[in-house]
**Q** 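Okay, handing you the structure first.
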Amino acid sequence: MKGIRTIADLRDFMRHNKRPIYFVSVSPFNLMGMDEWVANFKYICYVDPFDGRHPNVFAPSKIPDFKPKSIEDITNHLLQHPEVIDYITRRGGRPAAVFLMFDEKTEEICKELGIEIWHPPAKLRHHCDNKIETVRIGNKAGVRSVPNTLGPARTYEELLTSARKAGIGADLVVQTAFGDSGQTTYYIGSEDDYNLHAAKIAAENEVKIMKRIKCRSATMEACTTTSGTLVGLLMTEIVGNPELTHHKGGWAGNEIFADAFPQKVRAEARNMVQRLGNQLRKEGYRGYFDVDFLIDENNEVYLGELNPRISGASSLTNHAPFAYADAPLFLFHLMEFSDIAYDIDVEDLNDRWACNESIEPWLQVMIKQTEKLNEIVTHAPATGIYRMAADNSVSYDRFACQWEEIESEEEAFFLCLAGPGDSLYLGAYFGVLLMRGRAMNDEAELNERTRNWVGGIKRIYASKPLTEIQGDEATEPVR
């Protein structure tokens, strides 16, 4: 092929891809289904939700005493695992890898193994991921954030002084530069509120101090290429729901449906993401990224966060109707890093993907342990499709690798992330539930159907206190 000019060219190029491409991560979740579009695309994972039944998922045996502190730790652990190195070596070719998270150590390991990383450098990703830097990048692109000021807040008085100078009042939201969803955002309406988080806020040389607004959260993924920035769908964020997460601002899933946002909001968000993508290109960044928005009561759209990577919303984005009509958004990321020339009509694709026909109702909820426990899972629901009976009980129906096999709103796909032997502690993931339809009501609360599904899946789990497990092991007869 001389180059990629059309969607047909792109699909054909990926279908005949000869180069081994690996998604190395905790699980296949973020890029599920990509192997159906791209030949020689494999998943190397720490957790195999499919228990060996997925032909393209490889999970090495667990090494005792490995206790990861981050996704980057897991990525690097996998790349150094003897079974993974053997797997990649046996398959041969010029391997390339994509990640959810990686760091400079990952780059060193991949260089030693002869693996090409198909992402911008870790240092650049880290720079763009800084929540303070996001404001500056947005300002350069003409993309507004919630009224804010940047600076230190080592005391409550210093915080208030900065806020008053910026004219944003005393009811505030403070964000630190880095950290997981819901764990670096602090709501400060009084000195007592500040004191609860003083150690973390005061330790930063610079924080983002925002006016507190009543808003909905939304997200949109995109891919910046030499032909321009391609933009996916605007979807709602499920944030802070106590049935799913113990963090007040913690991300717990997404939903897509046609009437989620007025057309004006969708158009403005798309325009903002395109401008951000073009600015990121000037900063040296290329490929896939995600943008979080805050949409206030008057439907004013503000930049929230920038995630320069694959995200938790990638699973929905890459299975939207436009993905099947044209191509998944992530294929354009692979195209950007492949050794092939391309010139695609970004404007035509963006116009087509903005149509209502590209939206159908789907949802995903991340189910976490919301109670303080120290237990070990003894029984877990298998990955696959489940059905709900009239009494709201949930039962396993059939095995499936893809959630598109769901046939009605009475079915759901569950991706199991916590299996027998795994620890069950506050914040631990049970898994991901994907369904047709809506997850929330108009007040951003989980609707009754979703609550019944979440409860039904949790009831299938069984666990024992760690002390009881240790006692059982101690009393086992010697064989």
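Not measured: the values here are computed from a predicted model. By convention here, the first residue in the shown sequence is residue 1.
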**Q** Which pairs, with at least one residue in residues 21-30 and sequence neighbours excluded, count as a side-chain hydrogen bond (donor to acceptor under 3.5 Å, both in side chains)?
**A**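 Non-adjacent pairs meeting side-chain hydrogen bond (donor to acceptor under 3.5 Å, both in side chains): Tyr22-Arg91.
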**Q** Quick one, Lys131 with Thr176, criterion side-chain contact (heavy atoms from CB on, under 4.5 Å). Give me CA distance, side-chain angles, the key distance, then yes/no.
**A** CA-CA 7 Å; Lys131 294 178 180 64; Thr176 52; over 6 Å; no
**Q** Could you verify whether a donor N or O on one side chain and an acceptor N or O on the other, from Asp12 and His16, lie under 3.5 Å apart?
**A**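 Present: a donor and an acceptor within the cut-off.
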**Q** Return the orientation label for the His333 and Phe330 ring planes: parallel under 30°, perpendicular over 60°, tilted otherwise.
**A**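 Plane angle under 30°, so parallel.
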**Q** Just to verify, what does Arg275 make a side-chain hydrogen bond (donor to acceptor under 3.5 Å, both in side chains) with, not counting sequence neighbours?
**A**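 Here the qualifying residues are Asn271.
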**Q** Report yes or no: do Gln175 and Thr184 form a side-chain donor-acceptor pair below 3.5 Å?
**A**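 Not at all, the side chains of Gln175 and Thr184 share no donor-acceptor pair under 3.5 Å.
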**Q** Looking at residues at least two apart in the chain, or sitting in another chain, which of them share a salt bridge (charged side-chain N to carboxylate O under 4.0 Å, His left out) with Lys140?
**A**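 Salt bridge (charged side-chain N to carboxylate O under 4.0 Å, His left out) check on Lys140 returns Glu283.
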**Q** Can you list everything that forms a side-chain hydrogen bond (donor to acceptor under 3.5 Å, both in side chains) with Glu360? Sequence neighbours excluded, please.
**A**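 Only Trp362 meet the side-chain hydrogen bond (donor to acceptor under 3.5 Å, both in side chains) criterion with Glu360.
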**Q** Side chains of Thr229 and Gln274: any donor to acceptor distance under 3.5 Å?
**A**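 No pair is found: no donor N or O on one side chain lies under 3.5 Å from an acceptor on the other.
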**Q** With a 4.0 Å cut-off on N to O distance, would you call Arg398 and Glu411 a salt bridge?
**A**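 Here Arg398 pairs with Glu411 in a salt bridge, since their nearest N and O are under 4.0 Å apart.
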**Q** How about Thr134 and Glu305: does a side-chain donor come under 3.5 Å of a side-chain acceptor?
**A**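 The answer is no; no qualifying pair exists.
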**Q** May I have the list of side-chain donor-acceptor pairs in residues 417-436 shorter than 3.5 Å, sequence neighbours left out?
**A**
residue: Asp422; atom: OD2; partner: Gly419; partner atom: N; Å: 2.7
residue: Arg436; atom: NE; partner: Ile406; partner atom: O; Å: 3.3
residue: Arg436; atom: NH2; partner: Ile406; partner atom: O; Å: 3.1

**Q** Which residues satisfy the side-chain hydrogen bond (donor to acceptor under 3.5 Å, both in side chains) test with Asn299, sequence neighbours excluded?
**A**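 Applying side-chain hydrogen bond (donor to acceptor under 3.5 Å, both in side chains) to Asn299 gives none.
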**Q** Working to the nearest 0.5 Å, report the span between CZ of Phe332 and CZ of Phe337.
**A**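 Output value for this atom pair is 15.0 Å.
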**Q** How would you list, by chain and number, every residue that makes a salt bridge (charged side-chain N to carboxylate O under 4.0 Å, His left out) with Glu36, sequence neighbours excluded?
**A**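 For Glu36 there are no salt bridge (charged side-chain N to carboxylate O under 4.0 Å, His left out) partners, ignoring immediate neighbours.
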**Q** Nearest 0.5 Å please: distance from the CZ atom of Phe13 over to the CD1 atom of Ile340.
**A**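 Interatomic distance, Phe13 CZ to Ile340 CD1, rounded to 0.5 Å: 4.5 Å.
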**Q** Are the charged groups of Glu108 and Lys105 less than 4.0 angstrom apart, N to O?
**A**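 Judged by the 4.0 Å cut-off on N to carboxylate O distance, Glu108 and Lys105 do not form a salt bridge.
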**Q** Suppose we screen for side-chain hydrogen bond (donor to acceptor under 3.5 Å, both in side chains). Which residues come up paired with Asp103, at least two apart in sequence or across chains?
**A**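 For Asp103, the residues satisfying side-chain hydrogen bond (donor to acceptor under 3.5 Å, both in side chains) (neighbours in sequence not counted) are Asn76, Thr106.
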**Q** Provide the closest heavy-atom pair for Met440 versus Thr236 in the form atom of the first, atom of the second, distance.
**A**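 Residues Met440 and Thr236, closest heavy atoms: CE-OG1, 4.0 Å.
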**Q** Please, which pairs that meet side-chain hydrogen bond (donor to acceptor under 3.5 Å, both in side chains) have at least one residue in residues 47-63, sequence neighbours excluded?
**A**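 Output for this query lists Asp35-Asn56, Lys42-Asn56, Ser61-Glu83.
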**Q** Determine, for Glu72 against Arg309, whether the closest basic-nitrogen to carboxylate-oxygen distance falls under 4.0 angstrom.
**A**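 Salt bridge flag = no for Arg309 with Glu72.
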**Q** Suppose we screen for salt bridge (charged side-chain N to carboxylate O under 4.0 Å, His left out). Which residues come up paired with Arg352, at least two apart in sequence or across chains?
**A**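 For Arg352, the residues satisfying salt bridge (charged side-chain N to carboxylate O under 4.0 Å, His left out) (neighbours in sequence not counted) are Asp326, Asp348.
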**Q** Using the test salt bridge (charged side-chain N to carboxylate O under 4.0 Å, His left out), find all partners of Glu404 that sit at least two apart in sequence or belong to another chain.
**A**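 Salt bridge (charged side-chain N to carboxylate O under 4.0 Å, His left out) check on Glu404 returns nothing, list empty.
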**Q** Strictly by salt bridge (charged side-chain N to carboxylate O under 4.0 Å, His left out), give each pair with a member in residues 114-123 just once, sequence neighbours left out.
**A**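 Passing the test, one end in residues 114-123: Arg19-Glu116.
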**Q** If you round to the nearest 0.5 Å, how far is OH of Tyr46 from CG of Leu78?
**A**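 Interatomic distance, Leu78 CG to Tyr46 OH, rounded to 0.5 Å: 8.5 Å.
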**Q** Measuring from atom NZ of Lys211 to atom OH of Tyr302, what distance do you get when rounded to the nearest 0.5 angstrom?
**A**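 Reported to 0.5 Å precision, the distance equals 7.0 Å.
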